[in-house]
Amino acid sequence: MFLIRVSISGEMLVEAQRKADEIGKLKHSILGGGGNLAGFLGELMFLKTFPGSFSENTYQHDINYLGTKIEMKTVQTTVKPSLDFNCHVAAYNAHQRADIYVFARVLKTYDVGWIMGWMDTGDWKHLSRRANKGESDGDFVFAVDCFNLKYRELEPFYELMEAR
């Protein structure tokens, strides 16, 4: 299984909320800044799970892990994730200069999250499929133009650790 379950502590929630309040609404925010808390929780989950990683929070990437520039992509969820769910990168963010994408999901109760998998950004550009705003995949309707894959198509984390 690819995913790593991470318990979210009260300290992580306070830190993520502080960062979300500080950053406010970003340009092109799908949720008008409402996803910032989950986004920062995704970053903190990674930092907690992967010793040697540290936050850089530039426009191009969020985290540095042993010299690898990582752009985290985190979404909120109401259910335990399935490997058949989509992970996506908004088309207007597809030009960021990170080495890899790491995908995460955070339960809306903010007590647990999952780091789902990762992919080299070059591989992502070749393997992901475009979905246009308003298209659907089952019950899921794409809110913006994006590139997506199923979580099952991502790389498992043991390969990330071995490669670095």
(message) Assess the residue pair Val75 and Val106 against the criterion (side chain to side chain contact (heavy atoms under 4.5 Å, CB included)); give the C-alpha distance rounded to whole Å, side-chain angles, the decisive distance to 0.1 Å, and a yes or no.
(response) CA-CA 6 Å; Val75 296; Val106 172; over 6 Å; no
(request) Please step through side chain to side chain contact (heavy atoms under 4.5 Å, CB included) for the pair Asn57 and Lys19, ending with a clear verdict. (result) CA-CA 11 Å; Asn57 275 325; Lys19 289 181 174 188; 4.2 Å; yes
(message) Run the salt bridge (Lys or Arg N to Asp or Glu O under 4.0 Å) test on Lys73 and Glu71 for me, step by step, so that the C-alpha distance in whole Å, both residues' side-chain angles and the decisive distance to 0.1 Å come before the verdict.
(response) CA-CA 7 Å; Lys73 298 297 180 186; Glu71 176 61 21; 3.3 Å; yes
(request) Starting from the C-alpha separation in whole Å, work towards a yes-or-no answer on side chain to side chain contact (heavy atoms under 4.5 Å, CB included) for Ile115 and Thr49. (result) CA-CA 9 Å; Ile115 304 173; Thr49 305; 3.8 Å; yes
(message) side-chain hydrogen bond (donor to acceptor under 3.5 Å, both in side chains), that's the test. Do Gln96 and His61 meet it? Break it down for me.
(response) CA-CA 7 Å; Gln96 289 173 298; His61 66 281; over 6 Å; no
(request) Output, in order, the C-alpha distance, side-chain angles, deciding distance and verdict of ring-ring contact (aromatic ring centres under 6.0 Å, His included) for Tyr151 and Trp114. (result) CA-CA 11 Å; Tyr151 285 119; Trp114 296 267; over 10 Å; no
(request) Check step by step if side chain to side chain contact (heavy atoms under 4.5 Å, CB included) holds for Met116 and Arg105. (result) CA-CA 7 Å; Met116 301 298 296; Arg105 295 180 74 89; 4.2 Å; yes
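Using a 4.5 Å heavy-atom cutoff, the side chains of Leu149 and Met119 are in contact. Glu15 has its side chain within reach of Leu44: a pair of non-hydrogen atoms, C-beta onward, lies under 4.5 Å apart.
Taking NZ of Lys48 as the reference point, atom OG of Ser7 lies at 5.5 Å (rounded to 0.5 Å). One finds the CG atom of Asp62 at 11.5 Å from the CG atom of Asn64 (value rounded to the nearest 0.5 Å). Between atom CZ of residue Phe85 and atom CG of residue Asn148 there is a gap of 14.0 Å, rounded to the nearest 0.5 Å. Separating the CD1 atom in Ile8 from the CG atom in Leu13 is a distance of 7.5 Å, to the nearest 0.5 Å. Rounding to the nearest 0.5 Å gives a distance of 10.0 Å between CG of Leu127 and CG of Leu154. Distance check, rounded to the nearest 0.5 Å: OG1 of Thr74 to CG of Asn36 gives 11.0 Å.
Ser136 places no side-chain N or O within 3.5 Å of a backbone atom of Asp139 that could act as its donor or acceptor partner. Between the side chain of Thr121 and the backbone N or O of Ala98 there is at least one donor-acceptor pair closer than 3.5 Å. Although no hydrogens or angles enter the test, the distance criterion places no donor-acceptor pair under 3.5 Å between the side chain of Glu155 and the main chain of Trp118.
Gln60 approaches Arg97 most closely through the heavy-atom pair OE1-N, 2.6 Å. Contact between Phe142 and Asp137 at its shortest, heavy atoms only, is CE1-CB, 4.1 Å. When all heavy atoms of Ser53 and Ile63 are compared, the closest pair comes out as CB-CG2, 4.0 Å. Taking each heavy atom of Met72 and Gly42 in turn, the nearest pair found is CE-O, 3.4 Å. Here the closest heavy-atom approach between residue Cys146 and residue Ala90 is recorded as CB-CA, 3.9 Å. Of all heavy-atom pairs between Phe103 and Cys87, the closest is CD2-CB, 3.5 Å.
Phe54 has its ring centre no less than 6.0 Å from the ring centre of Tyr65.
No continuous path of ILVMFWY side-chain contacts below 4.5 Å connects Phe147 to Val141, so the two sit in separate hydrophobic clusters. In terms of hydrophobic clustering, with Ile, Leu, Val, Met, Phe, Trp and Tyr side chains grouped at heavy-atom distances under 4.5 Å, Val79 and Leu107 are assigned to a common cluster.
Classification of Lys133 and Glu135 as a salt-bridged pair fails, no side-chain N sitting under 4.0 Å from a carboxylate O. Look at Glu153 and Lys150 and you find no salt bridge, because none of the NZ, NE, NH1 or NH2 atoms lies under 4.0 Å from a carboxylate O.
More than 12 non-hydrogen atoms from other residues, nucleotides or ligands lie less than 6.0 angstrom from CZ of Arg130.
Ring pair Tyr101/Trp124 is perpendicular by interplanar angle, where above 60° counts as perpendicular and below 30° as parallel.
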